[in-house]
Amino acid sequence: MIQVKFNMEPGCEDLKPAKAHFDDAAFDLRSRVDMVAQPGKVALVPTGLHLELPVGYEAQVRPRSGLALKHQIGVLNSPGTIDAGYRGEVCSILFNFGETPFEIKRGDRISQMVIAALPEVELTEAADLSETGRGAGGFGSTGKK
């Protein structure tokens with residue numbers, strides 16, 4: 001088990017990230033402010049959380065399925081990556097895909113965070129790449145003739 005240090009903005013101790021169930025993959029993130037996400041607009045929602053991730057790990061900020069289904073609220077850059085070197089406040093970039101304003105209250109669960117290990121990767125420049133059945137096909141090309 002890895003340990004990830006964190007602290008909260010002053011006055012936000014009640015908003016600490018937590019898992020709803022012991023076997024959940026993600027920690028719930030909560031809004032530290034009251035605000036409204038307007039239809040078709042982006043809302044930057046602060047959580048009061050600061051992290052100290054170990055090198056070789058990232059935190060991924062993801063949408064909550066209930067907010068997506070019931071209110072058409074998503075995380076715009078999903079998953080949003082928090083790098084190990086970042087010490088600023090974790091915020092969620094929410095987008096209201098719906099047609100009505102969405103009210104966010106302080107303490108509302110607005111996104112979720114997964115801590116993930118990163119493999120060590122070395123990019124190696126090469127003049128040629130191996131051939132595959134797919135080749136350069138992309139953007140909906142699979143299954144198209």
Which atom of [X] lies closest to which atom of [Y], heavy atoms considered:
{"X": "Asn96", "Y": "Gly98", "result": "OD1-N, 2.8 Å"}
{"X": "Pro17", "Y": "Phe27", "result": "CB-CB, 4.0 Å"}
{"X": "Leu69", "Y": "Gln72", "result": "O-NE2, 3.3 Å"}
{"X": "Gln38", "Y": "Val36", "result": "NE2-CG1, 3.3 Å"}

Using distance only, find each side-chain donor-acceptor pair of residues 109-131 under 3.5 Å and give its atom names and separation, not counting sequence neighbours.
{"unit_1": "Arg109", "atom_1": "NH1", "unit_2": "Asp28", "atom_2": "OD2", "d": "3.4"}
{"unit_1": "Ser111", "atom_1": "OG", "unit_2": "Ser92", "atom_2": "OG", "d": "2.6"}
{"unit_1": "Gln112", "atom_1": "NE2", "unit_2": "Pro63", "atom_2": "O", "d": "2.8"}

Between [X] and [Y], is there a shared hydrophobic cluster once you connect ILVMFWY residues whose side-chain heavy atoms come closer than 4.5 Å?
{"X": "Val33", "Y": "Leu67", "value": "yes"}
{"X": "Val55", "Y": "Val90", "value": "no"}
{"X": "Met35", "Y": "Val75", "value": "yes"}
{"X": "Val61", "Y": "Met8", "value": "yes"}

Would you indicate whether Gln3, at its atom CD, is surrounded by more than 12 heavy atoms from other residues, nucleotides or ligands within a distance under 6.0 Å? no
With side chains defined as the heavy atoms from C-beta onward, is the minimum distance between [X] and [Y] less than 4.5 Å?
{"X": "Lys5", "Y": "Leu51", "value": "no"}
{"X": "Leu94", "Y": "Val42", "value": "no"}
{"X": "Ile82", "Y": "Leu53", "value": "yes"}
{"X": "Ile104", "Y": "Asp34", "value": "no"}
{"X": "Phe6", "Y": "Lys16", "value": "yes"}

Item to complete: Starting from the C-alpha separation in whole Å, work towards a yes-or-no answer on side chain to side chain contact (heavy atoms under 4.5 Å, CB included) for Asp108 and Arg30.
Response: CA-CA 5 Å; Asp108 284 352; Arg30 298 178 181 274; over 6 Å; no
Take Asp14 and Arg106 through the salt bridge (Lys or Arg N to Asp or Glu O under 4.0 Å) test and state the conclusion after the steps. CA-CA 10 Å; Asp14 60 321; Arg106 184 187 189 284; 2.8 Å; yes
From the options Glu89, Glu9, Arg87, select the one residue that forms a side chain to side chain donor-acceptor pair (under 3.5 Å) with His50.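 Only one of Glu89, Glu9, Arg87 forms a side chain to side chain donor-acceptor pair (under 3.5 Å) with His50, namely Glu9.
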[X] side, atom [atom1]; [Y] side, atom [atom2] - distance, nearest 0.5 Å:
{"X": "Arg64", "Y": "Lys70", "atom1": "CZ", "atom2": "NZ", "result": "9.5 Å"}
{"X": "Leu15", "Y": "Thr47", "atom1": "CG", "atom2": "OG1", "result": "8.0 Å"}
{"X": "Leu76", "Y": "Ile93", "atom1": "CG", "atom2": "CD1", "result": "6.5 Å"}

| query | Any donor and acceptor pair, going by atom type alone, linking the side chain of Lys19 with main-chain N or O of Asp24 inside 3.5 Å? | reply | yes
Please evaluate residues Glu58 and Thr81 with respect to the criterion side chain to side chain contact (heavy atoms under 4.5 Å, CB included), reporting the C-alpha separation (whole Å), side-chain torsions for both, the decisive distance (0.1 Å), and the verdict.
CA-CA 7 Å; Glu58 68 166 329; Thr81 294; 3.1 Å; yes
| request: Could you please spell out the steps behind the side chain to side chain contact (heavy atoms under 4.5 Å, CB included) verdict for Tyr57 and Val4? | output: CA-CA 10 Å; Tyr57 287 83; Val4 175; over 6 Å; no
| task | For the pair Cys12 and Arg32, evaluate side chain to side chain contact (heavy atoms under 4.5 Å, CB included) and give the outcome as yes or no after the intermediate values. | result | CA-CA 7 Å; Cys12 293; Arg32 73 169 173 91; 3.7 Å; yes
